[in-house]
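Here is the structure we will look at, set down as structure tokens.
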Amino acid sequence: QCPVVHGKEAVWATTRNLMKSCWLLGYLGLARREMAENEALSRRQKVLTIDTMNANIKKVEYAVRGPIVQRAVQIEKELKEGVKKPFNEVIKANIGDAHAMGQRPVTFFRQVLALCSYPELLDDDKFPEDTKYRAQRILKACGGSSIGAYTASQGIECVRQDVSRYIERRDGGVPCDPDNIYLTTGASDGIVTMLKLLTAGEGRTRTGVMIPIPQYPLYSAAIAELGAVQLNYYLDEDKCWGLDISELQRSLQAASKHCNPRVLCIINPGNPTGQVQSRERIEDVIRFAAKERLFLMADEVYQDNVYAEGCKFYSFKKVLYEMGPEYFNTVELASFHSTSKCYMGECGMRGGYMEVINMDSEVKAQLTKLVSVRLCPPVPGQALMALVTNSPQPGEPSHAQFLKERTATLGDLAQKAKLTEEILNTVPGIRCNPVQGAMYSFPQITLPERAIREAKEKGQAPDMFYCMKLLEETGICLVPGSGFGQKEGTYHFRMTILPPADKLKILLSKVKEFHQRFTKCYS
Amino acid sequence: MGFFCGTLLGRQTASAVQSWCARSTRLLRLKDFHNRCSREEREACFLQPPTHPRAHTHTHTHTHTHTHTHTHTHTHTPPTTSAAVSIEEGEEMTENSVVHRGKVLTLGTMNPSVKRVEYAVRGPIVQRAVQLEQELKQGIQKPFTEVIKANIGDCHAMGQQPITFFRQVLALCCYPDLLEDNRFPEDTKTRARRILQACGGGSLGSYSASQGIEIVRQDVARYIEKRDGGIPCNPDNIYLTTGASDGITTMLKLLVSGEGSSRTGVMISIPQYPLYSAALAELSAVQISYYLDEENCWSLAVGELQHALEAARQYCRPRVLCIINPGNPTGQVQSRQCIEDVIKFAAEQNLFLMADEVYQDNVYADGCRFHSFKKVLFEMGSKYSDQVELVSFHSTSKCYMGECGFRAGYMEVVNMDPEVKVQLTKLVSVRLCPPVPGQVLLDLVVNPPLPEEPSYRTFFEERSATLAMLAEKARMTQQILNEVPGITCNPVQGAMYTFPRIQLPPKAIAQAKEKGQAPDMFYCMKLLEETGICLVPGSGFGQRDGTYHFRMTILPPTDKLKIVLAKIKEFHQSFTEQYS
């Protein structure tokens, strides 16, 4: 038997005796209590202060909603209060929030959601038959036929089946097991959950997680919170933010001395960088992961957002399977998707899924247990995920309109991607890669020495200084490149391509004007 | 190590530790091996020749099982002399135990804190219930025709009807074209318009502020003021959450720090709602158990808090006190006096108070009333209300709403350090925002129809009917269970559960132990197999050593509940007979 247990029992007995005597003391001490209490109160300090809080949380940074956005919200309030500004509206191009930028929700989705929310509408003939059929199917899968019931923690079974059929279709028939699908509260939730599972060890054995730079700051935030080790690999700006295997190798080698690299995260199409990976490159990455024994995390939430000619979205899973059993039987992969991006833009619903491949069955049991503590992902988001993955088929009454809406949205985005790249590249001192996919442009900006110095004097990153000035002068809210990471000595900003075309044009010309003014002012 | 000490001194945990140790022994040997060898040596054991410092997968496949692993490593390792030491060091070493296995992520290499998480409410018994349901569907004969899940407070699944007003507004918000429709009362449209106006682009599909939509937070603040008889509430102190669970976990996350004997200790009631123990395990915080007094209707005695605290001070830094009122799983409603005592205690002992008040409308017993911690705190005068740090949680999942699937809730933070508040806001921003449909629902809960509005009557009737029904079922449950010899049950004063104590015959206990099961798990599993009724064993919530309980919700419709109770009665009698 374990010696600890004996030791424990001894401590136990002491504790119990101690507790008994405390009981007595407690009664005797009642009178003294009041005094002690006053004394204690008078020297009471806060329990939770910046010094006593979880140190990892302090290290968390999330630029997309950071100080610049807080200032933007303030300015909006000031405008409402009638404070005079050199602009009359704040334009938030900081976040991929499609509906907030005027993108219309897909009618079919919203009709079904309304039916699920208030099933009495099922007898209303304003709703097409296929919306009713979908709503009934979802409701039947809910406890008590209500979206107010908890679902299985992994997600409603029929939704997971829809998701797996969708993946099979997308990947040209590569099989997908609904048991490998976990519905999530947006992709962020899935990513954090997976990283949580993967983080272990201390000191030199602590889990290292490889992430691209520039990255989407959810990754660095989650890694900081979990106390994991962030390992940067740099995307090649000169090659349209391409991923170079030798750079992965370099990063891994450097890291092996101080941690245990176990995870490789890829964002494709890229956020904030907008590149779309070629099939070949994905193959290289998978080979690298296999060789170096890395768990692959593929963030594929922009899978429908591919605009550039000659570019196509390849899922990591599909490529993995096409590489043969040597790979698809061994490489561990988690892929993430969401209802927030693509043509849906339903960020507020917090819908998403992840598919896990080659996950150890014991670990899978642990994952299922872990997600059960949070009961279930929001059911409206699950319903939406079902609709996204099981959209109207040709022949169904909603099909024509659905197709029209989806095509229009994606066409619009493609046009705006081109427009953004073109206009920004006309500005001397701004250089911008093509926006092949996703929803962002991440141009490099040349900043005059004097501006850099002044920023540093203020303790600000130079591109933060730039973006803050832009916000104050034009009302345009962008996120400085420093929030995503960039090669030292380079400066960028991230801008979404989401504003409506006419507004986007104004925005771009304002950025152009500002950049010229700024450069002049600090030269 | 903090976790380990916590377990060490938790009151009922000696046996848990024992089984934990047994489970870990295999792992420990492996860890110990890793302690003694360098990485190179380890690799040499498994792979010859080592080609590349990190290239070791392909020659070793999944055929190496766990058992293989451990025997193998053991041969390189003298038996451990101190298990305690190897546990401590072993924590650091798990990482490399993948050396010879195919997978990067295994039970041996995963986050050890996650492994320690347990959540009984959705544990093995519920998994078996789901299986049974599937078997029934496939036509397999069982001694019952239906599985009744009385394991979880899932109101709608048990037939409770959603509130019409809530769902109408939600439908309007999802599909605003319906605003033209005259089947919706005017007040539902006004609400929907107001909410949509507060959403970016007039759509529920936009992200909201990470703290929650501002007007919803304002409505919550006004609701709290009204509830607490005018005590002011600042909307800036309100954070909307993804269900109360999300808020509770977030707050604990902020609060946990330190290492070893300075690791944060969190006091939780036993029996507890296992979200708490799960979150503490995940965060590697130290769980400090204080016991509720079953003989006094699960009440809380400050003396007991004191003992638990003093004992814990020797191995951790107690900083947080969690209270669930009305109680889950125990159904007690705290008196105003008791709340005052708790606040005084927290003030004296410098504890951060977390008040889980999600059942605030679920109070049934005569003479019982819900008092919010905030209200009592402020009535105790500025000596307390200026200082004691408190966070209170609420949710749309319970009360008369039962809208669990929407994952909505809020927390109010009182006296939080402004710098920490900035950190909290930053932390929640990483997850962007709570689900917007849930935020809408919460807004409707805190801002329901007014008497002069068209939806008021239906709303009022529906709410009253639901709450009255729950009160009746609470009484009925208590009454019927107490008729059974060997079952004793405290009154269900509030919340949605009964947590009766069951007398188990020694033979049953012995048999359970042989099977490596907790005796009440053995009991509940048998109940499930024989009657189709799914309950959660008391061991999942914690209970005094040597006592056994189960948690059962009072939610099934009255007629079904009667059948459930009659079946339990019958089962308990036959079980007792069988094992006597």
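All chains are named by letter (A, B, ...) in the order of the sequence lines, taking the proteins before the strands, and each is independently numbered beginning at 1.
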Of the non-hydrogen atoms in [X] and [Y], which two are nearest, and what is the gap between them?
X        : Y        : value
A:Gly148 : B:Asp154 : O-OD1, 4.4 Å
A:Val47  : B:Phe352 : CG2-N, 3.7 Å
B:Tyr207 : A:Gly96  : CE1-O, 3.7 Å
B:Leu105 : A:Met194 : CD2-CE, 4.3 Å

Drop me the distance from [X]'s [atom1] to [Y]'s [atom2], to the nearest 0.5 angstrom.
X        : Y        : atom1 : atom2 : result
A:Leu48  : B:Arg319 : CG    : CZ    : 6.0 Å
A:Glu346 : B:Ser206 : CD    : OG    : 8.5 Å
A:Lys369 : B:Glu118 : NZ    : CD    : 5.5 Å
A:Ile57  : B:Leu255 : CD1   : CG    : 10.5 Å
A:Ser146 : B:Met158 : OG    : CE    : 12.5 Å
B:Leu275 : A:Arg374 : CG    : CZ    : 8.0 Å

Which answer fits [X], side chain, backbone, both or neither, if we ask what part of it has an atom under 4.5 Å from a heavy atom of chain A?
X        : value
B:Gln161 : neither
B:Ser113 : neither
B:Arg407 : side chain
B:Leu172 : neither
B:Ala408 : neither
B:Pro274 : neither
B:Thr264 : neither
B:Asp177 : neither
B:Cys199 : neither
B:Leu441 : neither
B:Leu254 : both
B:Met416 : both
B:Lys149 : neither
B:Ser210 : both

Point to revise | Pairing of A:Asp124 and B:Arg183 as salt bridge, 4.0 angstrom limit | key: yes
So what's closer than 4.5 Å to chain B heavy atoms on [X]: side chain, backbone, both or neither?
X        : result
A:Val192 : side chain
A:Ala152 : backbone
A:Leu370 : side chain
A:Ile95  : side chain
A:Thr151 : backbone
A:Gln111 : both
A:Pro378 : both
A:Cys116 : backbone
A:Met359 : both

So which of [options] has the largest heavy-atom pair count under 4.5 angstrom toward chain B?
options                                : value
A:Gln70, A:Met344, A:Lys77             : A:Lys77
A:Pro119, A:Gly143, A:Ser117           : A:Ser117
A:Leu384, A:Val373, A:Leu113, A:Val379 : A:Val373
A:Asn56, A:Leu367, A:Thr52, A:Thr49    : A:Thr52
A:Pro380, A:Pro377, A:Cys142, A:Ala221 : A:Pro380
A:Val73, A:Asn358, A:Thr185, A:Leu375  : A:Leu375

Exercise for review: For the pair A:Val112 and B:Tyr175, evaluate side chain to side chain contact (heavy atoms under 4.5 Å, CB included) and give the outcome as yes or no after the intermediate values.
Suggested key: CA-CA 9 Å; A:Val112 181; B:Tyr175 187 47; over 6 Å; no
Practice item. Would you check, one step at a time, whether the test side chain to side chain contact (heavy atoms under 4.5 Å, CB included) holds for B:Cys174 with A:Tyr118? Key: CA-CA 10 Å; B:Cys174 287; A:Tyr118 187 49; over 6 Å; no
**Study point:** A:Arg350 side chain reached by B:Cys433 side chain, heavy atoms, under 4.5 Å
**Key:** yes
Check your understanding: Under 4.5 Å between any side-chain heavy atoms of A:Asn54 and B:Gln423, yes or no?
Key -> no
Review point. Side chain of A:Thr199, backbone of B:Asn111: donor and acceptor closer than 3.5 Å?
Key: no
